[in-house]
Amino acid sequence: MSALFRLRPSDLRTRIVGCRIEVYESLTSTNEFASRLGREGAPDGTAVFALEQASGHGRFGRVWHSPRGGLWCSVLMRPTFAAQEMLLITAVGALAAREAAAHLGVGDARIRFPNDVYARGRKLAGVLAESRFAGSEPEFFVLGTGLNVNLCAEHFPPELTALATSVQIEAGRETPLAVAARTLLEVLDEWYTALRDGAIEEIVEEWRNQSDLIGRRVRIEEESRAVEGIVEDVHPLDGIQLRLDAGPVARIAPDRIAAVRLG
Ligand code: BT5
C-alpha cells in the first residue's frame with residue numbers, strides 16, 4: 001500500500017492556500033516542483049508535498065535533510081505587491097510553521113531569525129521563500145516549509161542530532177502527515193490572507209512577539225565576517241539591531257545574515 005497521504009482542497013477551511021494540492025512519494029525539491037507548476041500557470045495557493053526530497057535545500061545553497069517522516073511542503077503564491085516584500089512572505093511562513101507546530105503539541109515553539117522555528121534550543125522547522133521574475137516584476141513566489149514531524153534522533157545525520165528536533169520528540173507522539181499538512185495549510189492561509197489584505201503591522205508585531213532573540217547574546221555570521229553582541233530588536237524587514245560588544249549599535253540587514261548562534 002502506498003504511504004502517500006490524501007488531502008483534498010475540500011478537506012480544508014481555507015480561502016486561497018491549498019486550492020490545488022499535489023502529493024508525491026519523492027521529489028528533488030518541492031520548491032523546484034512548485035516553481036515548475038508556477039511557470040505552467042498553476043493558481044495562487046497551489047500546494048505541493050513530497051514524502052521525501054532528494055535535494056531539499058535551504059538558504060545559501062545549504063542542504064535541507066528531508067527523509068520520510070517529515071512534512072516537506074511548498075506553496076505557490078501570486079500576491080500583487082512589491083518584490084522587496086518577499087521578506088514578508090518569509091515572515092508569514094515562519095509564523096505559520098510556528099503556529100502549526102504549537103497546534104500539533106509542541107510546547108514552546110519560537111521563531112529564530114530569519115526563517116527558522118526552534119523548540120528547546122533545537123531546530124524544528126525552516127522556511128525558504130524564492131521568487132521568479134518576469135522582467136522587473138515578480139511573477140510568483142514559492143514558499144517552502146520543512147517541518148520535522150515524525151522524525152526521531154536516529155533519523156538525523158550525526159551533525160544534526162544535537163541541533164535538530166521534531167514534533168514527535170517535542171509532543172511525544174506521532175502525527176498523521178495529513179493532519180500536519182492540513183494544520184499547516186490552514187494557518188498559512190490565515191497569515192497569507194492577512195498579507196494580501198495589507199495587515200503588515202499585525203504580521204510584524206506577531207512575528208516580533210514570537211521571536212526568541214530579543215535581549216539575548218548572539219554571534220551573527222555574515223558571508224565574510226561575524227559580529228557579537230546583545231540583540232536589542234528584530235524586524236522581518238529591517239533585520240537585527242545589535243548592541244556590539246565594542247559599544248555601538250549595528251543594524252544588520254536580513255539578506256546579510258547567514259546564521260545566528262546564541263552566545
Ligand atoms: C532553512 O534553510 O532552514 C530552510 C529550509 C527549507 C526546507 C523546505 S522543505 C520544502 C522546500 N523544498 C526545499 O527544497 N526547501 C524547502 P537554512 O536557514 O539555510 O538552514 C539550513 C540548515 O539547517 C542546514 O545547514 C542544517 O544545519 C540545518 N538542517 C538541515 N536539515 C534539517 C532538518 N531536517 N532539521 C533541522 N535542521 C536541519
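Note that ligands are numbered from 1 as they come in the structure, with each ligand's atoms numbered from 1 the same way. Quantities reported herein were computed from a predicted structural model and do not represent experimental measurements. All values below were derived from every heavy atom in this structure, side-chain atoms included, with hydrogens, water molecules and symmetry-related copies excluded.
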Check: Can you find an N or O of Asn148 that's nearer than 3.5 Å to an N or O of ligand 1?
Finding: yes
Next item on the list: Measure from atom 34 (N) of ligand 1 to every heavy atom in Arg62, His65, Arg112 and give the option owning the shortest one.
Entry: His65
Notebook entry, point to check: Do side-chain atoms of Arg208 reach the backbone of Val234 as a donor and acceptor pair under 3.5 angstrom?
Noted result: yes
Item checked: Structural part of Gln53 in contact with ligand 1, heavy atom criterion under 4.0 angstrom -> side chain
Checklist line | Glu25/Arg68 salt bridge by N-O under 4.0 Å criterion | finding: yes
Margin query: Which residue and atom name correspond to the protein heavy atom nearest atom 6 (C) of ligand 1, and how close is it?
Written below: Gly126 O, 3.6 Å
Check: In the protein, what heavy atom is nearest to atom 2 (O) of ligand 1, and what distance, to one decimal place, separates them?
Finding: Gly58 CA, 3.2 Å
Note to self: Would you call the rings of Phe156 and His65 parallel, tilted or perpendicular, taking 30° and 60° as the class edges?
What the structure shows: tilted
Next item on the list: May I ask you to list the atoms of ligand 1 that are less than 4.0 angstrom from any heavy atom of Asp116?
Entry: 3 (O), 18 (O)
Note to self: Taking distance alone, with N or O pairs closer than 3.5 Å, would you say His57 contacts ligand 1?
What the structure shows: yes
Notebook entry, point to check: Can you list the ligand 1 atoms lying under 4.0 Å from a non-hydrogen atom of Asn115?
Noted result: 1 (C), 2 (O), 3 (O), 4 (C), 18 (O)
Notebook entry, point to check: Under 3.5 Å, is there a donor-acceptor pair between the side chain of Asp116 and the main chain of Gly126?
Noted result: no
Item checked: Contacting atoms of ligand 1, where contact means under 4.0 angstrom from a heavy atom of Gly56 -> 14 (O)
Margin query: Would Arg110 pass as a cation-pi partner of Tyr118, given that its NZ or CZ must be under 6.0 Å from the six-membered ring centre and within 45 degrees of the axis?
Written below: no
Note to self: I need the nearest protein heavy-atom contact for atom 22 (C) of ligand 1: residue, atom name and distance, please.
What the structure shows: Lys123 NZ, 3.9 Å
Notebook entry, point to check: Any donor and acceptor pair, going by atom type alone, linking the side chain of Ser166 with main-chain N or O of Leu151 inside 3.5 Å?
Noted result: yes
Item checked: Check: Val127 main-chain N/O paired with Asn115 side-chain donor or acceptor under 3.5 Å -> yes
Item checked: Side-chain donor/acceptor of Glu232 to backbone N/O of Val249, under 3.5 Å -> no
Next item on the list: From the options Phe156, Trp64, Tyr118, select the one whose nearest heavy atom is closest to atom 29 (N) of ligand 1.
Entry: Trp64
Margin query: Looking at Asn31, is its backbone amide N or carbonyl O close enough to the side chain of Ser35 to form a donor-acceptor pair, meaning the two atoms are under 3.5 Å apart?
Written below: no
Notebook entry, point to check: Would you say Leu184 and Trp64 are hydrophobically clustered, going by side-chain heavy atoms of ILVMFWY under 4.5 Å?
Noted result: no
Notebook entry, point to check: Atoms of ligand 1 less than 4.0 Å from Ser29 heavy atoms?
Noted result: 12 (N), 13 (C), 14 (O)
Check: Roughly how far apart are Asp44 CG and Tyr192 OH, rounded to 0.5 Å?
Finding: 3.5 Å
Note to self: Return the closest protein heavy atom for atom 26 (C) of ligand 1 as residue, atom name and distance.
What the structure shows: Leu160 CD2, 3.8 Å
Check: Is Cys73 near ligand 1, meaning one of its heavy atoms is under 4.0 Å from it?
Finding: yes
Checklist line | Ligand-side contact atoms (ligand 1) for residue partner Val127, heavy atom cut-off under 4.0 Å | finding: 4 (C)
Note to self: Considering non-hydrogen atoms of the protein only, which is the closest contact for atom 10 (C) of ligand 1, and what is the distance?
What the structure shows: Thr30 OG1, 3.1 Å
Check: What do we get for Thr145 next to ligand 1 when only non-hydrogen atoms under 4.0 Å count, side chain, backbone, both or neither?
Finding: backbone
Note to self: Tell me if the aromatic rings of Trp72 and Phe33 count as close, with their centers under 6.0 Å from one another.
What the structure shows: no
Note to self: Please list the nearest protein heavy atom to atom 8 (C) of ligand 1 with its residue and the distance rounded to 0.1 Å.
What the structure shows: Gly146 N, 3.6 Å
Margin query: Using heavy atoms and a 4.0 Å limit, tell me yes or no: is Val63 in contact with ligand 1?
Written below: yes
